[in-house]
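Inspection log for the structure reproduced underneath, given as structure tokens.
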Amino acid sequence: VNPDLQREREKCSFNITELTNLLDGGPQMTEERRRREATVLNEGIHIEEVPSEYLSHKEKYELAVKKACHLFKLIRRLQEEENTGMENFRAILGGSLGAAILQDGSPLTLHYVMFIPTLMGQASVEQQAYWIGRAFNLDIIGTYAQTELGHGTFIRGLETTATYDPKTKEFVLHSPTLTAYKWWPGGLAHTANYCIVMAQLYSNGQCHGIHPFIVQLRDEETHMPLPGIKVGEIGAKLGMNGTNNGFLGFEHVRIPREHMLMKNCQVLEDGTYVKSPSSKLTYGTMMFVRVVIVKDMCNYIAKAVTIATRYSAVRRQSQPKPDEPEPQIIDYLTQQHKLMVGISTVHAFQLSAEWIWNLYNNVTAELDAGDMERLPELHALSCCLKAVTTADAAECVERCRLSCGGHGYMLASNLPVTYGHVTAACTYEGENTVLLLQTARYLVKTWQQATGGTVLPPTVAYLSRVGAGRRS
Amino acid sequence: PPWDNTIEGIIRGFEVVAAGKIALCVANIERRQKSGMSYEDAWNMTSVQLTQASEAHCRVFILTSYFEETERQVKTTSPELREVLLQLVDLYVVYWALQRVGDLLRFTSISERDIATLQNWYEELLTKLRPNAVGLVDAFDLRDEILHSALGAYDGRVYERLMEEALKSPLNAEPVNQSFHKYLKPFMQGKL
């Protein structure tokens, strides 16, 4: 070990293991995490013959598929051995462990982050019984397509149509224009053979707004795109070039009526539309993913700040006092200013993420019981928290990169790749400015309620307390 | 209310900022509507302020949950760890107060002297946390395979690892690259 780093460790005033346990949620959780990491890393999936940064775009994708399949095989084996559920998927593929193995991102991420959770949240019991087992076993690979080439966060503006034909009891999916093409979903290009597609539902000549449909894209044997399916990859991006983001268009593609996800709304055989108790229920998957993103940001900042802090203890620079050796750069206050806020941000985000995760679980349970009172509050909070944490994370990672000077610019530092991951999060699952404006809509409404004397939900209760809230 | 230069006081200050910004947004939307604008246009004209109000609201949430949850956590930790965790909360809250000093000046009764005190407090916190910096990141317990970084490995062999990585460049596989014979040499000879 580098002697400077060793000295730093010797002067630490607290028990490091105690803090690790606290961050993990207890000694048992630390042990569990370490065991999981050891099991996965002992497989050697992360070891590359040629560093992936020197591969072509196509080779990067092929490597990502190879690694993702190895990883899924491993997870399946672990599930059989340990009889665990979804947690292993999230623990291994999500967060820093997954990112370590799949440096350029995984083409299967959306399968477990969005495809399976959407089936769980929006498919009827019968549909879940049919699809979830197949998805878990990887008999099918799915993704989730909502954003269109011409339409982003404003989902009511989506153009893809799903028109019910009562004669054949089928929906006809169609992309009326180029701007209606689905654009961006991970795994969509060459990996997934099924996709949950958000489309405007038409039945008996009436539009009923956007609804989710499960659509087969490729033949299960040959993997060839099915007739009427226009699918491909969107091209190279700033980072995450292994995620296989794709485009998707439909030319009058017919799917069975049962392929509309019908937990909340239904179309009966004769085309009668049975309305959901709340149109807001379809926002469930988006909120889940935004909460997951907040957790991911903690991992990325922790990674960046660990790299930068250790480097700052080893690196020596300049000679402020004559006849004295070059100081460690961590002794400069400007360097401490760059690093310490990153360390505290990890703690701040982790506790905020836990808080909103608990709120998400409570609200989901309340939704199942038909209570939607706290849904707007959770939606508003998850929107702004996703926006602020991703923006702050990008700033933190960039600050860490700058704190390592020219060495931080090297891909070998892993800081540029980490930046690629966090800055992508500023855009996906709702562009940050759009999300902040969604929160603002809730805040304006809440402020008006506060001035009217209404009792406000806990996270906005301060608006009633604070005098300035009534200034105007 | 008078400014209170404590962590709780700063968080209350952020609440005042967020509420003040939301109030101003509502007032501006209403003013624009009164001048004949549609609600949608008034909203659009106010949207820069609206995003800032949202961000301020989010800061209140993060600061509050961080402070309150840490206060709860440290009840069961050792005194040594407690001290460091509270220093981190202080650092985070004071850092954001200094980052948003303009907002605090605009919406609260904070004075220049209070700001000077905050700046001094921040600098002292950096110095206090300095000896524990490496311990704090070690506690994230990220294995080298996960960090995947020549600069951040646990053993600190930064320069050796950088050189090892440099040698993996495909350009280092041969002493002379073919482009020399193909392009550079004819060009150089032509010039000569």
Side-chain angles (χ1 to χ4, degrees), chain A residues 1-2 5 8-9 11-16 18-20 37 41 46 51 54 96-97 100 302-303 305-307 309-311 313-314 330 333 336-337 339-341 343-344 347-348 351-352 355 384-385 388 404 407 412-414 433 436-437 439-440 443-444 447 459 462-463 466 468-469 471-472, chain B residues 15-16 19-20 22-27 47 50-51 53-55 57-58 60-62 65-66 69-70 73 77-78 80-81 84 88-89 91-92 95 107 123 126 129-143 145-152 155-158 162 165 168 170:
Chain A
V1 176
N2 174 285
L5 209 45
E8 293 295 331
R9 288 179 176 133
K11 67 184 172 197
C12 181
S13 71
F14 63 93
N15 182 332
I16 292 172
E18 188 188 358
L19 180 52
T20 304
E37 286 171 359
L41 293 169
H46 63 289
Y54 295 119
S96 47
L97 184 55
K303 225 177 184 180
V305 84
T306 301
I307 295 166
T309 304
R310 288 182 181 160
Y311 176 80
V314 172
I330 200 171
L333 200 75
Q336 292 161 19
H337 171 61
L339 302 173
M340 300 303 183
V341 70
I343 296 171
S344 60
H347 289 259
L351 292 171
S352 300
W355 199 96
C384 69
L385 205 55
V388 170
C404 297
H407 293 163
S413 73
N414 203 22
T433 300
L436 288 172
L437 288 172
T439 303
L443 291 174
V444 166
W447 187 89
T459 56
Y462 71 89
L463 291 178
V466 173
R471 187 188 290 169
S472 72
Chain B
E15 289 180 347
V16 175
I22 297 163
L24 270 178
C25 286
V26 174
S47 57
L50 285 162
T51 58
S54 279
E55 196 233 323
H57 166 67
C58 196
V60 171
F61 171 75
I62 295 171
S65 59
Y66 184 26
E69 292 299 304
T70 307
Q73 265 187 347
T77 61
S78 65
E80 295 82 11
L81 182 57
V84 180
L88 282 175
V89 175
L91 180 97
Y92 189 76
Y95 169 83
F107 291 100
E123 287 155 4
L126 288 178
L129 281 161
R130 155 71 186 90
N132 285 319
V134 170
L136 281 165
V137 297
D138 280 352
F140 294 140
D141 200 27
L142 293 160
R143 290 174 55 135
E145 297 93 325
I146 288 173
L147 280 178
H148 199 72
S149 169
L151 310 189
D155 62 12
R157 288 175 60 248
V158 172
L162 274 173
E165 290 301 318
K168 289 180 188 167

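Chain identifiers are assigned alphabetically (A, B, ...) following the order of the sequence lines, protein sequences preceding nucleic acid strands; residue numbering begins at 1 within each chain. Predicted model only: the values in this text are computed from it and were never measured.
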Backbone of A/Ala440 reached by a side-chain donor or acceptor of B/Ser54 within 3.5 Å: yes

Heavy-atom closest contact (A/Ser344 atom, B/Leu91 atom, distance): OG-CD2, 3.7 Å

Side-chain donor or acceptor of B/Asn132 paired with backbone N/O of A/Ser13 under 3.5 Å: yes

Selection from A/Val314, A/Ile307, A/Asn2 maximising heavy-atom pairs under 4.5 Å formed with chain B: A/Ile307

pair A/Thr309-B/Val134: side-chain heavy atoms closer than 4.5 Å: yes

Heavy-atom closest contact (B/Glu145 atom, A/Ala100 atom, distance): O-CB, 3.5 Å

B/Leu162 portion near chain A, given a 4.5 angstrom heavy-atom threshold: side chain

Taking every non-hydrogen atom, the tightest pair across B/Leu147 and A/Asn414: O-ND2, 2.8 Å

Among B/Glu165, B/Arg130, B/Glu69, residue most engaged with chain A (heavy-atom pairs, under 4.5 Å): B/Arg130

A/Glu18 side chain to B/Leu81 backbone, donor-acceptor under 3.5 Å: no

Atom group of A/His347 that falls short of 4.5 Å from chain B, counting heavy atoms: both

Under 3.5 Å donor-acceptor, A/Ser413 side chain and B/Ser149 backbone: no

Plane angle bin for A/Tyr462 and B/His57 - parallel if under 30°, tilted between 30 and 60°, otherwise perpendicular: parallel

Toward chain B, the part of A/Ala313 with a non-hydrogen atom under 4.5 Å: side chain

Contact class of B/Ala53 relative to chain A, heavy atoms under 4.5 angstrom: backbone

Over all atoms of both residues, closest heavy-atom pair of A/Ile330 and B/Ala133: CD1-CB, 3.8 Å

Greatest number of heavy atom pairs closer than 4.5 Å to chain B - which of A/Leu5, A/Asn15, A/Val1, A/Thr306: A/Thr306

OG on B/Ser47 to CG on A/Leu436, rounded to 0.5 Å: 11.0 Å

Heavy-atom pair with the smallest gap, counting every atom of B/Phe140 and A/Val305: CE1-CG1, 3.7 Å

Top contributor to chain B contacts, counting heavy-atom pairs under 4.5 Å, from A/Val444, A/Thr439, A/Val341, A/Thr433: A/Val341

Per-residue contact mode, A/Leu19 against chain B (heavy atom under 4.5 angstrom): both

Pair B/Ser65, A/Ser352: side-chain N/O donor-acceptor within cut-off below 3.5 Å: yes

Which of B/Glu15, B/Arg143, B/Glu55 touches chain A most, by non-hydrogen pairs under 4.5 Å: B/Glu15

Heavy-atom proximity to chain A below 4.5 Å, by part of B/Val60: side chain

Selection from B/Leu50, B/Val84, B/Asp138, B/Thr77 maximising heavy-atom pairs under 4.5 Å formed with chain A: B/Asp138

Most chain B-contacting option - heavy-atom pairs closer than 4.5 Å, from A/Glu37, A/Arg9, A/Glu8: A/Arg9

Interatomic distance, A/Ile343 atom CD1 to B/Leu136 atom CG [nearest 0.5 angstrom]: 5.0 Å

Student check: side-chain heavy atoms of A/His46 and B/Ile146 closer than 4.5 Å: no

Taking every non-hydrogen atom, the tightest pair across B/Ile62 and A/Ala348: CG2-CB, 4.2 Å

Structural part of B/Tyr92 lying under 4.5 Å from a heavy atom of chain A: both

